Amino acid sequence: MWSSVLLILAVFLVAQTVQFFLNIKKVSYLPGFRTLFSQFSVFGAAIPTNYFHPGLNWIWNWRHSVYEYYGTRTISYVPFIGEPVIWTSSIEVAKQLLAGDPRLIKAPSALVPLLLWGDSVLTANHETYKKHRRVVGPAFSSNTYSLVAQETVRWYHEMVEGENWVKQGNFTIECLEQSMLKFTLGVLSRTSFNYRYPWANSSENHGVPFERALTTILTMKDVIIRLATPSWAYKLPIERLRRVDDAYRKLGALMRSFVTSKKEELSSTTDDTEPLRSDLLTRLVSASEAEGKNGLDDSEVIGNVFSFLFAGHETTAHTVAAALALLALHEDEQEKAVKAIREALPDGQDPTFDDFNKLDKVLACFHEAGRMFPGGAIVTRDTTDTFVLKVPDEKKGGEKTLVVPPNMRIMVDMVGIHYDPRLFPDPERYNPSRWYGVNNETDFTYFGLGPRACLGRKFALVVAMSLMTCLLRDWKFTIPLKAGETKEQWRERVMQGKYAGLGFGVHHIPVKMTRRVKP
Ligand code: HEM
Ligand SMILES: *[C@@H]1O[C@H](CO)[C@@H](O)[C@H](O)[C@H]1NC(C)=O
Ligand SMILES: *[C@@H]1O[C@H](CO)[C@@H](O)[C@H](O)[C@H]1NC(C)=O
Ligand SMILES: *[C@@H]1O[C@H](CO)[C@@H](O)[C@H](O)[C@H]1NC(C)=O
């Protein structure tokens, strides 16, 4: 009995060892990690990043040392158990990967949480992608951006009122990113499907049912529960499962009803006298109807609206939160931004989309936060065919060719790119002026690169411009230091990037807000 167990184990080990060496060959002997488990496996992710184990967070913790250690910005990650992958933080390699070559795809297995609702512009490839893009692209127009600015400002005033900030005058927010998550969800809801709910103050933390359902679904843990649970299990009396299932049902039903009533509304107003509403759902449904047979079906419309929520919620909230925390830390930069706001809006009026270009210095603060804490920290592509990359040879100069076989996953480490001192000198320094006068959107690499870079880039920037302008105009942000703590120590303690949920960013950021008396 024991001998046969040992025999099976021995055969397994031999087979696995052979596979391991084949995998090292598959990545062309690129230097890099050799570990027991893949970093994305249950075991690999559960063990925190430490000297022996890269864990999930090595792209942050080791951002200054890892590529130097291996002598190249393009490395491999070969686990003993699991699939090998290639990682790169070379902008040259990233550009080749993200240039839109049809042999590189967004693999369904890398996008699992997004596929629950139907294909979308975020997940599709090739011809399907073109179909989605044709319908969805025009929805992101200046009409929509005007609405985004307007709704952001309104929602800001509702937040200030709902939280009773003016009466309090000065106070500490324990978790800035939580407030920003709640804020962005409201903006997305209003501008995606014209759905408004009241700002419930933080003592009634659970929010309205719609907000609650959305929050549940946008939380990674719950998504995993939803995916991993067979349907019969929802009949069991387990509170957590019930809640997740309930949220999916409610939201699904609500989304379907939104689409149905939108279609009815659009078909009943045939004359063109009434201007089209500017929310994304209206634009999507009408563009889709105009395409006739080539349009999107209901599940694809819903899939796309959800992709905006998934792609836009945590990313935007975390970047705004990081920007405000960095401005609290760097009061001189904050004063520069406030000065720019007073120049652009001398009467203290609310910003509109027309003020977008005038507030570029406020946006520079956001860009720099996006560089340091990129919400989309990992961008992945899979090869469907052999693909040849030109990889810079950091040691000898020039470049080498790297032949990548089919079905290989390549991961672009955006943190690594954004801390590359060749591209961003003195990368640890929060320096918004790096972005002064940078107007070409393709330079904002934290939104990705190439033809599939972020579709919601301008959308996110309009939210950031409007919200940060209102906040910085009315409030002074400072950091609540612990007794005896220096600013440097606060930064070291608080401003650490990591994944929590779907997005990368800073977590548990406490800030102090004090009302600015108008001069
Ligand atoms: C600061 C906020 C944001 C960041 C950092 C960000 C980042 C990114 C990145 C890096 C990609 C490229 C992914 C890839 O190439 O695989 C992407 C794609 C995308 N993002 Fe964003 N995003 C943000 C906000 C938004 C918002 C607000 C929306 C929608 C309202 C949005 C919608 C999308 C969509 C639809 C795509 C897919 C585009 C395509 O494949 O053609 N994003 N985003
Ligand atoms: C929040 O709402 C609760 C219940 O409605 C209310 O008692 C409380 O005073 C509100 N707090 C603020 C700050 O408005
Ligand atoms: C903040 O409020 C407290 C009590 O309400 C007050 O003692 C303090 O002076 C205020 N601080 C500032 C900077 O306004
Ligand atoms: C932005 O930069 C890209 C790449 O460098 C270039 O192809 C494009 O024409 C530029 N766009 C504008 C509006 O200048």
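Along the sequence shown, residues carry numbers from 1. Just follow the structure's listing: the first ligand is 1, and inside any ligand the first atom is 1. Owing to the predicted nature of the structure, the values given are computational and were not obtained by experimental measurement.
Between Glu333 and Lys361 there is no salt bridge, since no side-chain nitrogen of the basic residue lies less than 4.0 Å from a carboxylate oxygen of the acidic one. Between Glu83 and Arg409, no side-chain nitrogen of the basic residue sits less than 4.0 Å from a carboxylate oxygen of the acidic one, so the salt-bridge criterion is not met. Using a cutoff of 4.0 Å between basic side-chain nitrogens and carboxylate oxygens, Arg422 and Glu92 are scored as salt-bridged. Remark: Arg190 engages Glu158 in a salt bridge, criterion side-chain N to carboxylate O under 4.0 Å. Electrostatic pairing of Lys131 and Glu300 counts as a salt bridge here, judged by a charged N lying under 4.0 Å from a carboxylate O. A salt bridge links Arg73 to Asp420: at least one charged side-chain nitrogen sits closer than 4.0 Å to a carboxylate oxygen.
The proximity of Thr316 to ligand 1, defined as any non-hydrogen pair under 4.0 Å, involves the side chain as well as the backbone. For Val121, heavy-atom contacts with ligand 1 shorter than 4.0 Å involve the backbone as well as the side chain.
The shortest N or O to N or O distance between Thr380 and ligand 1 is not under 3.5 Å. For Lys106, a nitrogen or oxygen atom sits less than 3.5 Å from a nitrogen or oxygen atom of ligand 1, counting backbone and side chain alike. The shortest N or O to N or O distance between Tyr129 and ligand 1 is under 3.5 Å.
Closest protein heavy atom to atom 12 (C) of ligand 1: Arg452 O, 3.7 Å. Protein heavy atom in closest approach to atom 28 (C) of ligand 1: Gly456 CA, 3.5 Å. Counting protein heavy atoms only, atom 18 (C) of ligand 1 is closest to Cys454 CA, 3.4 Å. Atom 27 (C) of ligand 1 has Gly312 CA, 3.5 Å as its closest protein atom, hydrogens excluded (heavy atom only). Of the protein's heavy atoms, Thr442 OG1, 4.1 Å lies nearest to atom 4 (C) of ligand 4. Nearest protein heavy-atom contact of atom 9 (O) of ligand 4 is Asn440 ND2, 4.9 Å.
For the residue pair His418/Thr445, the side-chain donor-acceptor check at 3.5 Å is satisfied.
The nearest protein heavy atom to atom 14 (O) of ligand 4 is closer than 4.0 Å. At least one protein heavy atom sits closer than 4.0 Å to atom 11 (N) of ligand 4. In this structure, atom 2 (O) of ligand 4 is in close contact with the protein, since a protein heavy atom lies within 4.0 Å of it.
Each of the following atoms of ligand 1 lies closer than 4.0 Å to a heavy atom of Ala311: 20 (N), 22 (N), 23 (C), 24 (C), 25 (C), 31 (C), 32 (C), 33 (C), 42 (N). Per-residue contacts place Tyr446 under 4.0 angstrom from the following atoms of ligand 1 (heavy atoms of the residue considered): 5 (C), 7 (C), 10 (C). Atoms of ligand 1 lying under 4.0 Å from at least one heavy atom of Phe459, given by number and element, are 27 (C), 30 (C). Counting atoms of ligand 1 from 1 in the listed order, those under 4.0 Å from a heavy atom of Gly448 are 10 (C). For ligand 1, the atoms sitting less than 4.0 Å from at least one non-hydrogen atom of Val379 are 14 (C), 15 (O), 16 (O), numbered in the order shown with element in parentheses. Heavy-atom proximity to Thr319, at under 4.0 Å, picks out these atoms of ligand 1: 1 (C).
In this structure, Lys498 forms no cation-pi arrangement with Phe504, as its terminal cationic atom is not both closer than 6.0 Å to the ring centre and no more than 45° off the ring axis.
With distances taken over non-hydrogen atoms, the option nearest atom 9 (C) of ligand 1 out of Phe504, Phe447, Phe366, Phe373 is Phe447. Comparing Leu122, Thr315, Leu461 by heavy-atom distance to atom 36 (C) of ligand 1, the nearest is Leu122.
For Tyr499 and Trp60, the gap between ring centers reaches or exceeds 6.0 Å. Aromatic rings of Tyr419 and Phe424 (six-membered ring for Trp) have centroids beyond the 6.0 Å cut-off, not under it. Trp199 has its ring centre no less than 6.0 Å from the ring centre of Tyr156. Between Phe193 and Phe308, the ring center distance fails the sub-6.0 Å criterion. Remark: aromatic rings of Trp87 and Tyr67 are distant, center separation not under 6.0 Å.
In this structure, Arg381 is part of the shell of residues with a heavy atom less than 4.0 angstrom from ligand 1.
Of the listed residues (Thr282, Thr144, Asn194), just one forms a side chain to side chain donor-acceptor pair (under 3.5 Å) with Arg277, and that residue is Asn194.
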